[in-house]
2 protein chains.
Amino acid sequence: MSVINSKKPKASVTLTDVAQLAGVSLATASKALNGRSQVRAETRQKVIEAAAALSFTPNPFAQALNASHTGTIGMLTSDLDNRFVLPVLLGAEDAFGSGATSVLLCDARGDAVREQHHLNTLLARRVDGIVVLGRTTNPRPSITAGVPVPVVYAYAPSDDPADTSFTPDNYTAGRQAIEHLLARGRRSIALVNGEPSYTAATDRAAGARDAMREAGLELTGGDELYGQWSESWGRQCTETLLASGRPIDAILAGSDQIARGVLEQLRETGHHVPAEVAVMGFDNWDILSATARPPLTSIDMNLQELGRAAARALSDAISGTTEPGVHRLPVRLVPRESTASVQRL
Amino acid sequence: MSVINSKKPKASVTLTDVAQLAGVSLATASKALNGRSQVRAETRQKVIEAAAALSFTPNPFAQALNASHTGTIGMLTSDLDNRFVLPVLLGAEDAFGSGATSVLLCDARGDAVREQHHLNTLLARRVDGIVVLGRTTNPRPSITAGVPVPVVYAYAPSDDPADTSFTPDNYTAGRQAIEHLLARGRRSIALVNGEPSYTAATDRAAGARDAMREAGLELTGGDELYGQWSESWGRQCTETLLASGRPIDAILAGSDQIARGVLEQLRETGHHVPAEVAVMGFDNWDILSATARPPLTSIDMNLQELGRAAARALSDAISGTTEPGVHRLPVRLVPRESTASVQRL
DNA sequence: CTGAAAGCGCTTACAG
DNA sequence: CTGAAAGCGCTTACAG
């Protein structure tokens, strides 16, 4: 039985200790551990063993004092309490965390003053770069001016086209949704959209409208059926559409949440999905889409991949190569039962 | 029109620059800025002004080299992609971020190897302390042994009672739920619970059972109606309960998600909520509870406050005072229409 | 009250 | 290939 404190982590071991144990100078120990070429193989081996024996961990602060970078980046979020932010954050953390970069997290809670404060903190900590994570896909103010390190914007693009931004391709998402419904044989399609102040809503509407036009069709009810991002708006608008008496064989909802309302209203008024009306949403928020009745076809915004792409771009920018502009990342259709092909009766 | 690069953030300004501009020595400049007492007021003022004029920011790495702590803590999450983790993280970030402490974020993605790797990274970066954030309220393995800095566990308590842990008080949550229903005049109450492998489920069941017994009652169907954390389980179990023919005037669901299924089943079988059957859930996940039909009474687990408490405890531990043990934090009942008082017909 | 000097733990020209 | 020395930017006894 060994005592728990067999290795006392008291005063941390220093490179000097390693050099001493290996019987070389401080300088040589440093070179050996850092893979410098001017070290004999045996010497290097001795040093490495000594370091291992002492569980040596170089003091990152001493290292940073000599290095041009710190192996640290800042993640500046506008609103952590937002379900769209989480996957992006996760993707970015994953991309950085698997390398040698650590992530400093700051949440501004939607407050510009706090954002500025956190920005200063990050800069004071000498981060190598910053990911700015917005809460919607609407363009947001650039913070790049005056910041001495690379900045990449994720989810919400910067309003300055000279910045590097990553955002989901909502326009194409709208197109893809319509193309999917058309491929399933639907022709009378309504778009029950979310709030018009969101570019996510307007971009998707534009894509949907264009895809319909190319097929020589128009959206039933037009492309201006804006409301709230809520189930109740989905129910209400569906009710109105049905009452209008116009034929409808598909409803594209602006979000999964709206789609849930659409589905409920259809079920409660005796309309079968998908036989009579196909329904689909956006976001592929599985808690809503996968458990809907029937399970809901949706467009996944690939947010985790977006976070990863932003992280990679920041890494590239830190090492010198940037591709400025707004990068609209591909989305992915996830077909489920709510738009399944059926033998029309 | 001023040029954008009016202040070039090239080589960062150093304390030596400040001292020079103020016309004092390096040592004096340091003391003046750090509020040391042995500095004449005028001198201090001069230095402060010089620092401001140059926008001086002390290099934290040089500071850390002399200090015993780094103003940095590690947040080690098991699974960022978890809706329960987010509020805890947010609360903790808020508590630290408003002070002088920065948060280093690491996500283990449910992998023990990755967790160990990240732990080493955090230690190598000389964090002053660590918050371990679990994905369920089930006890998790302690990592405290061998870690030279304080560790606090949030959401998932450590399995070592000598550690300091914060977790929601699920037992009391169960009691409170029942007491609320009893106060609303309900007597025949069923508990449609989640998965029995979760202490969140079993603890709530224990609290509910005890509260019923104290009122001389038993849960309809017993306290073992375990299933999945899903809407479909809520529907299915409700169907069974109704079919059993036993009188039921309230259903307590193990989560809001289950409660949604319960509500749907009741509505579709023509049972009025709350007039005929009251329904409530746990978690107060607003996307589910507030938008339910009718809006769902639920127990909020106060996760954000839990995160804050954990952060405070870690700060205290870093400055020397700890209160070991599992701290079960209070929860909060949020009454909505689904358990409203009604004139029983 | 002020400043010269040593030191925190490392890296990197520069000699040898 | 190896090591003595200077330096990264700060802080802190220690003299004055």
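Order of the sequence lines sets the chain letters (A, B, ...), proteins ahead of strands, with each chain counted from 1.
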**Student:** Are OP1 or OP2 of dG3(C) and a side-chain N or O of S25(B) less than 4.0 angstrom apart?
**Tutor:** yes
**Student:** Counting only side-chain nitrogens and oxygens, does S30(B) get under 4.0 Å of the OP1 or OP2 atom of dT12(D)?
**Tutor:** no
**Student:** Could you tell me how far apart F56(B) (CZ) and dG9(D) (P) are, to the nearest whole angstrom?
**Tutor:** 10 Å
**Student:** Atom CG of N34(A) to atom C1' of dG9(C): distance rounded to whole Å?
**Tutor:** 13 Å
**Student:** Could you tell me whether the side chain of E93(A) and the main chain of D107(B) form a donor-acceptor pair under 3.5 Å?
**Tutor:** yes
**Student:** Considering just the side-chain nitrogens and oxygens of N66(B), establish if one lies under 4.0 Å of OP1 or OP2 belonging to dG7(C).
**Tutor:** no
**Student:** Could you check R40(B) against L65(B) and say which one's nearest nucleotide on DNA chain C is further toward the 5' end?
**Tutor:** R40(B)
**Student:** What is the separation between atom CZ on F61(B) and atom C1' on dT11(D), rounded to the nearest whole Å?
**Tutor:** 17 Å
**Student:** Of all the choices, dC1(C), dT2(D), dT12(C), which nucleotide is nearest to the side chain of Q38(B) once you look at every atom?
**Tutor:** dC1(C)
**Student:** In this structure, how many angstroms lie between the C1' atom of dC1(D) and the CD atom of Q45(A), rounded?
**Tutor:** 17 Å
**Student:** For a quick check under 3.5 Å, do S142(B) and D160(B) share a side-chain donor-acceptor pair by atom type?
**Tutor:** no
**Student:** Between V24(A) and R126(A), name the one whose nearest nucleotide on DNA chain D is closer to the 5' end.
**Tutor:** V24(A)
**Student:** Nearest to the side chain of L15(A), heavy atoms from C-beta on, is which of dT2(C), dT12(D), dT11(C)?
**Tutor:** dT11(C)
**Student:** Closer than 3.5 angstrom, by distance alone: can the side chain of T57(A) be matched with the main-chain N or O of A124(B) as a donor-acceptor pair?
**Tutor:** no
**Student:** For dG9(D), does either OP1 or OP2 sit under 4.0 Å from a side-chain N or O belonging to T16(B)?
**Tutor:** no
**Student:** Quick one: do the R125(B) and S102(A) side chains pair a donor with an acceptor below 3.5 Å?
**Tutor:** yes
**Student:** Does any N or O in the side chain of T137(A) come within less than 3.5 Å of the main-chain N or O of P157(A), such that one atom is a donor and the other an acceptor?
**Tutor:** no
**Student:** Does dG9(D) have OP1 or OP2 sitting under 4.0 Å from an N or O in the side chain of Q63(B)?
**Tutor:** no
**Student:** Could you give the CG-to-P distance, from L26(A) to dG9(C), as a whole number of Å?
**Tutor:** 11 Å
**Student:** Taking 4.0 angstrom as the limit, do R140(A) and D159(A) come out as a salt bridge?
**Tutor:** no
**Student:** dT11(C), dT2(D), dC10(D): which one has an atom nearest the side-chain heavy atoms of T14(B)?
**Tutor:** dC10(D)
**Student:** Whole angstrom is fine here: how far is it from CZ in R36(A) over to P in dC1(D)?
**Tutor:** 15 Å
**Student:** Would you say N59(A) reaches dC8(C)'s phosphate, i.e. side-chain N/O to OP1/OP2 under 4.0 Å?
**Tutor:** no
**Student:** Taking only side-chain nitrogens and oxygens of T28(B), does any of them come within less than 4.0 Å of OP1 or OP2 of dG3(C)?
**Tutor:** yes
**Student:** Can you check the L33(A) CG to dT11(C) C1' distance for me, whole Å?
**Tutor:** 12 Å
**Student:** Looking at dC1(C), which nucleotide sits across from it as a Watson-Crick or G-U wobble partner, both distances under 3.5 angstrom, or is there none?
**Tutor:** dG16(D)
**Student:** From the options dT11(C), dC10(C), dT12(D), select the nucleotide whose nearest atom is closest to the side chain of K31(B).
**Tutor:** dT12(D)
